[in-house]
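Since the structure comes first, as C-alpha cells, the remarks are kept for the end.
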Amino acid sequence: MNNLTALNNDRQVRRMDAPLELREDGAGDGLTLEGVAVPFGKRYDLFDDVSEQFDPDCDFGSRSVKIAREHGDLIGRVLSLDARDDGLHITARLSDTPAGREAAQLVRDGVYDAFSVGFRPIRHEIENAGGRTIIHRRAVELLEVSVTGLPAYPDAGIESQRTINSKERTTDMDGTEIKEMGDTIESLTTEMRDIKTMLARRDTDTADKTGSQYRSAGAYLKALAAGDKAAVELMRESSDLITTAQSGDNVTWIADQLKLIEQRRKVTNLLSHAALPASGMSLEYNVITSQAMQVGEQTTEGSALQFGKIEFGTKSVPVKTYGGYTKLSRQYIERSTVPTLDTTLRALLLEYAAATEKAVRTALYAQITAAKATNKLTATKTLAAMTPNDWVKIIFDAAEAADTNNVQLGTLAVSKDVALAITSLTDTGARFLDISGKGRDTLGDFDVTGIVGNLLRVPVQVLPNAADGTAAFVDPAAITVWESGGPTQLTDGDPITLTEAYSVYGYMAVGVTEPNGIQPVEFATK
C-alpha cells in the first residue's frame, strides 16, 4: 500500500468508524472548536530511539496562543486552555475570514479532525528506558495550535464544533466489521506516524542548515584537515553549541554530538541551563537578599495599595574551561574511514561530558550539604526504618515547605543507599486511596539501568557517588549551569610532522540561584 492510499483509506475508515461528534447549536456558525490539543502521558516517536511525552504538570506559558492551519497561515486564536487529567483541552475561535470558514468546512467534512501544537522548549527531563531516550516536556512556550488531519499524537482530537448543521450519523455495522475497522485504523495510524517521522527528519536535515554538507563528525574532520573553507567557517560559527536545550536545532550529526553529551550528564539534566555571555572570565548574577513584598486586597476604592520592598545582591562564579584534545596524523585522517574517525571523536565527547558532569555534581552535592543548616527536612526514623507512610509525610513536609518558599518541589535526588532503601519498601494491604498514581496497590517504579524512577508520583534520581544518606528535593532553578562550546575543533597543525590536533572544549560556570530550592532530608541516626 503506498502512502497516499494509506492516508486516503484511513480517512474513509475513521469517518465511518468514529466521525466527529458535532454539537448542534442553532446560533452557531461552526467557527468555534473544542478538543484536546496535547494528550498527557502519551509518547510520540521523534526518531528511532527517541520519544517525546508531555507530563500532566507541564507549564505551557502565558502568551496568547494562535490557531494555524497545518502549522502555516494563522486563522484564529485560542480562547481558553484547560489542563485536565487526560490532556490540555482548548476552546478556539476561527476568524470569520475565507480561510477560517474554509477550515471550519474541512472540520465538518472530517478532513481536519485533530490538533497539533507548535511550541518552543523551555524545560524538560530525560529518561532512559529500555534503550530509548524519552524527553519529558515539563515547560514549553506554546505558540500555536494547528488544525490538521495528520496529528503527531492520535489522541489530540477535535471533539466538538459549534455549528448549525445537524450532527453526522454513523452507518450501522455489525461487531465483526467494527473490530476489523479498529484493527485497520490502528495499523494505518502507525503507518501515518512513520510517514510523519520520515517527513520531520527530512525537514530537519535540510541542506540550508550550517554543516549539513557533512554526513558526520568524521566527514567534517576530513574536510577541516583538507582546509575546506565551509568546514573552517563552521568551526568559527559553532563556538556556542553545547547546551542541552539546542540539540534539536542543528543538523543531525551536530545534534547527535550534543545529545551524546546530554545523555551522559544525568545530574546536570536536573538543573537549569543558560548560555554564557560572550566575554568575561567570571559571571555575575542577581540573587534576592531581602524579600518583603506585600500584595493584598485594596481596603477601599482609591486607597493606597500595600507597599513591599525587595532587595537584590550579586554573586560571582568563575568561568572555567573543560576539554581535551588528541593528535592524529594527516595519513590517519586521510586514509581512515569516516566511521573510524567518528569513533575517535566520540571518545573525546564522552570525556567532555564526564568532566563537566563531575563539576556540576560537585557543586550540587556541596549545596545539599550547605542547605542542611537552613532548609532541612527532619525524618523521625533511621533510613532503614522508614516506611511508605513515613515517606508520605516527608513528601508532604517538602511540598508544604516548597509552597512557603515559592519554589518547585522538583526531583528527589538520592544516594545509592537511599535508592536501595526506597526500592526495598513494602506496603501491605490495599489502601483506600491510591497514592501512587498507578491505579493499584503500589508505591511507584524504578528503572535500575537508568537509575531513575518515581516514589508516590515524585521523580527520583540517583546521585552517583554521593555520600551515604543523601536525599534532597531539588528544584531545577536551585542551581544554574551556564555553558558554551562547540563540536570538534581544529586546534593546531604541524606541517613538518603532518599531524593535526583536534579538541572538544567548552566554557562553563555553575552557580546557586535559588538556595531555598534544595531541601535536604536528615534521617535519624538511631
Side-chain angles (χ1 to χ4, degrees), residues 1-22 33-56 58 60 65 67-72 78 81-92 103 106-119 129 132-137 140 142 144-161 168 170 173 177-203:
M1 180 184 296
N2 61 43
N3 294 342
L4 181 59
T5 303
L7 300 183
N8 288 339
N9 286 350
D10 183 71
R11 180 57 53 221
Q12 293 165 7
V13 171
R14 291 186 66 168
R15 190 161 175 81
M16 289 193 302
D17 180 70
L20 179 64
E21 182 69 17
L22 300 178
L33 307 178
E34 296 175 336
V36 179
V38 179
F40 293 147
K42 304 291 184 180
R43 293 179 182 175
Y44 170 52
D45 297 336
L46 297 172
F47 303 105
D48 293 339
D49 58 349
V50 180
S51 299
E52 174 187 72
Q53 174 178 314
F54 283 86
D55 290 347
C58 181
F60 289 91
V65 181
I67 291 292
R69 183 172 170 175
E70 297 285 7
H71 301 292
V78 174
L81 300 170
D82 181 17
R84 304 179 191 173
D85 291 342
D86 61 334
L88 182 68
H89 289 246
I90 69 167
T91 299
L106 289 171
V107 172
R108 292 190 191 96
D109 293 342
V111 178
Y112 290 155
D113 58 0
F115 288 124
S116 179
V117 294
F119 61 92
R132 295 194 62 80
T133 297
I134 302 177
I135 303 172
H136 290 268
R137 298 295 182 192
V140 301
L142 185 59
E144 55 91 5
V145 179
S146 283
V147 290
T148 182
L150 295 172
Y153 293 90
D155 294 337
I158 300 174
E159 296 178 340
S160 65
Q161 176 186 31
E168 302 179 37
T170 60
M173 296 172 289
E177 187 175 357
I178 291 176
K179 182 181 185 302
E180 289 176 353
M181 283 190 174
D183 294 340
T184 305
I185 290 171
E186 183 177 358
S187 173
L188 291 176
T189 299
T190 301
E191 186 170 349
M192 285 198 306
R193 292 185 67 181
D194 291 341
I195 293 170
K196 287 185 67 66
T197 300
M198 176 188 68
L199 293 175
R201 296 186 71 168
R202 185 193 66 185
D203 292 340

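Atoms considered below: every heavy atom in the structure, side chains included; atoms not considered: hydrogens, waters and symmetry mates.
Relative ring orientation between Phe54 and Phe119 is described as perpendicular, the plane-to-plane angle rising above 60° on a 0-90° scale split at 30° and 60°.
For the atom pair NE2 of His89 and CZ of Phe115, the computed distance is 11.0 Å after rounding to the nearest 0.5 Å. Distance check, rounded to the nearest 0.5 Å: CZ of Arg43 to NE2 of His136 gives 6.0 Å. Remark: Ile90 CD1 to Glu34 CD distance equals 9.5 Å, nearest 0.5 Å.
Here the closest heavy-atom approach between residue Pro154 and residue Pro151 is recorded as CA-CG, 4.3 Å. Nearest heavy atom pair, residue Ala37 against residue Val117, reads O-CG1, 3.7 Å. The shortest non-hydrogen separation linking Tyr153 to Glu52 is OH-OE1, 3.0 Å. Of all the heavy atoms in Pro39 and Ala156, the pair that sits closest is CD-CB, 4.0 Å.
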Go through the steps to decide whether Val147 and Ile158 satisfy the test side-chain contact (heavy atoms from CB on, under 4.5 Å), and finish with yes or no. CA-CA 8 Å; Val147 290; Ile158 300 174; 4.2 Å; yes
Would Leu106 and Arg69 count as a side-chain contact (heavy atoms from CB on, under 4.5 Å) here? Give the steps. CA-CA 11 Å; Leu106 289 171; Arg69 183 172 170 175; 3.4 Å; yes
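With a 4.5 Å cut-off on side-chain heavy atoms, Asp86 and Phe40 do not count as touching. Looking at Val65 and Phe60, their side chains never come closer than 4.5 Å, going by heavy atoms from C-beta outward. By the 4.5 Å heavy-atom criterion applied to side chains, Leu88 and Leu142 are counted as neighbours.
Neither side chain, Glu70 nor Ser146, offers a donor N or O lying under 3.5 Å from an acceptor on the other.
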